[in-house]
A.B. asks: 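Have a look at this one.
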There are 4 protein chains.
Amino acid sequence: MAASLNKVFLIGRLGQDPKLAYTTSGMPVVNFSLATDEGYTDKNGKRVDKTEWHRIVVFNKQAEFCANYLSKGRLIFVEGRLQTREWQDQQGQTRYTTEIIASRIQALDPKGTSTTSPNATAPAPEQTEEEDLGPTFPSEVAGMDDAPF
Amino acid sequence: MAASLNKVFLIGRLGQDPKLAYTTSGMPVVNFSLATDEGYTDKNGKRVDKTEWHRIVVFNKQAEFCANYLSKGRLIFVEGRLQTREWQDQQGQTRYTTEIIASRIQALDPKGTSTTSPNATAPAPEQTEEEDLGPTFPSEVAGMDDAPF
Amino acid sequence: MAASLNKVFLIGRLGQDPKLAYTTSGMPVVNFSLATDEGYTDKNGKRVDKTEWHRIVVFNKQAEFCANYLSKGRLIFVEGRLQTREWQDQQGQTRYTTEIIASRIQALDPKGTSTTSPNATAPAPEQTEEEDLGPTFPSEVAGMDDAPF
Amino acid sequence: MAASLNKVFLIGRLGQDPKLAYTTSGMPVVNFSLATDEGYTDKNGKRVDKTEWHRIVVFNKQAEFCANYLSKGRLIFVEGRLQTREWQDQQGQTRYTTEIIASRIQALDPKGTSTTSPNATAPAPEQTEEEDLGPTFPSEVAGMDDAPF
DNA sequence: TTTT
DNA sequence: TTTT
């Protein structure tokens, strides 16, 4: 099947500080959730707030960038692709979790904004190169095997 | 939170014929899965096939278009946004399913291709207008309450 | 020709304050240029700066939003479509200018940032709705008839 | 200026057969125009046809793919970025041409469709890898120096 | 569960 | 200059 496209663009805020982990094969990986605002004005003209949460997965050099320079509350742009992985819960039931495998992460707010964690105080280098991540295996990420959404 | 973006673009093939349903409030809705090809060439130069499946939800006039003119195997373009909804399984456990709420559906292969179902024999009108779906509530779709991924 | 897509996404900074104008038919319109950074690291590891400039055109309510709340230097997100219009220069030669007709404009930096103009001091309302602009006629914009790039 | 995005997505039909050329530095390059349909229904319910033409530039391996397997009338998907280059017309006046530098080209209609040229009869290999083109210099393309839009 |  |  040659004709295919799987592309996601998000702008939103990190729900927590990204924490660096490693896959069983030693690849750096970072997971965090990202909030997008889906608020709208209803028929009565009243503003309704609604937040959508997305699970972001970042590998390799960009994972290290995230761990070093991003933190909870930061506004970022994410380009990536959708991937749904299968896992087993404690009852042995198959579950599915959909994640965005990021190919590009870009901080949008000024450095030092929204930061409570010490890792965000260092000067942030530029991080704009797109990287071909190749096939990724989030399921082999240490400590993620039983993670619910 | 003003700054926000939640955008998905997919090109892929339908896994089954779309079937028209109605939300409890009477809105036309269609669900189908879409396959994107994530095949790649490994380090040994060997081709590895991999398919990613996406759950697509379409409302209103575009839902009727899908039910009337699309069918299993058709190649389509989808523009939409990510939404994760919560549901309870038989054990009373909370589960999450991520779907793409489509705002635009576009058939890419010539009409009449890949069709085995009778609904696809009628001439297909153009269907290119983008429609603001507003807030959507897939959870209120009749018969979807217990649907696993 | 049913199958068609024409979509542009930009994140960049305004080159000047947007100035509100009106088409001959009375539609509010705003034009400004937007800079995207295309810098890269050359083979010698040296950083090369390069800026790409884009002509943005915004109509109707979003035009008024831009005129009222944006200013030179602000970081924004633009979603739109490409359009090339024809015009005649003083020598009577046909020229072409390619513009991005914006369907969505979103400020990304905190309100009050980078602002030197008085129009940006008022509190900015949210501006996230996508608006179907319909067919647009930049050529009928008063004072744009002879505008070079 | 770290935060930046310059992304274009197009689905349309080739206006002519792509012809392979080489930059002065020996890079394969292909130029062709792509038509997107901007037709709409006016207030009287009458269908208005409108076509937008885009200049596409493709480099390296993807240029060879285009020259070998694409032809006039084929439906393709293009992912790329906007670039405006400066050139001098016969009167010595500076002119600007905006092009889409493609990073990914994908044929959407079945192989062998719409082909009148002999180069499209060979079996088409898959061509889905995204390629980092790096900085590109369309201005140095042989024979393009004086090309009007 | 699609397709080439 | 494409196509349905």
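Quick note: numbers below take in every heavy atom, side chains included, and nothing from hydrogens, waters or symmetry partners. Letters A, B, ... are given to chains in the order of the sequence lines, protein chains preceding strands, and every chain is numbered from 1.
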A.B. asks: Relative to the ring of C:Phe9, is the ring of A:Phe9 parallel (under 30°), tilted (30 to 60°) or perpendicular (over 60°)?
C.D. replies: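 Ring orientation, 0 to 90° scale: tilted.
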A.B. asks: Nearest whole angstrom, please: distance from the P of E:dT2 to the CD1 of B:Ile11.
C.D. replies: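 Nearest whole value for this atom pair: 20 Å.
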A.B. asks: Measure from the side-chain heavy atoms of D:Arg13 and tell me the nearest of E:dT1, F:dT2, E:dT2.
C.D. replies: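 The nucleotide sitting nearest to the side chain is F:dT2.
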A.B. asks: In chain order, what residues pass the side-chain contact (heavy atoms from CB on, under 4.5 Å) check against B:Asp42, with sequence neighbours excluded?
C.D. replies: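 So B:Asp42 forms a side-chain contact (heavy atoms from CB on, under 4.5 Å) with B:Tyr40, B:Asn44, B:Lys46, B:Val48.
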A.B. asks: Nearest of F:dT1, E:dT2, F:dT3 to any side-chain atom of B:Trp53?
C.D. replies: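 Within the option list, the nearest is E:dT2.
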A.B. asks: Roughly, in whole Å, what's the span from NZ in B:Lys50 to P in E:dT3?
C.D. replies: 20 Å
A.B. asks: Could you tell me whether a side-chain N or O of A:Asn6 sits under 3.5 Å from a main-chain N or O of A:Leu82, the two making a donor and an acceptor?
C.D. replies: yes
A.B. asks: Can you measure D:Gln16 atom CD to F:dT2 atom P for me and round it to whole angstrom units?
C.D. replies: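 Between P of F:dT2 and CD of D:Gln16: 9 Å.
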A.B. asks: Roughly, in whole Å, what's the span from CG in D:Leu10 to P in F:dT1?
C.D. replies: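 It works out to 21 Å between those atoms.
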A.B. asks: If you check every side-chain atom of B:Ala35, which of E:dT2, E:dT1, F:dT1 has the closest atom?
C.D. replies: E:dT2
A.B. asks: What's the CD-C1' distance between B:Glu38 and E:dT3, to the nearest Å?
C.D. replies: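 Spelled out: CD on B:Glu38 to C1' on E:dT3 is 14 Å.
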A.B. asks: Please report, rounded to the nearest Å, how far the C1' atom of E:dT4 is from the CZ atom of B:Arg47.
C.D. replies: 11 Å
A.B. asks: Round to a whole Å and report the spacing from CG of D:Leu14 to P of F:dT1.
C.D. replies: 16 Å
A.B. asks: Could you tell me which residues satisfy side-chain contact (heavy atoms from CB on, under 4.5 Å) with C:Gln93, sequence neighbours excluded, listed by chain and number?
C.D. replies: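 For C:Gln93, the residues satisfying side-chain contact (heavy atoms from CB on, under 4.5 Å) (neighbours in sequence not counted) are C:Asp89, C:Gln91, D:Asp89, D:Gln91, D:Arg95.
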A.B. asks: In whole angstroms, how far is the C1' atom of F:dT4 from the CZ atom of D:Arg74?
C.D. replies: 16 Å
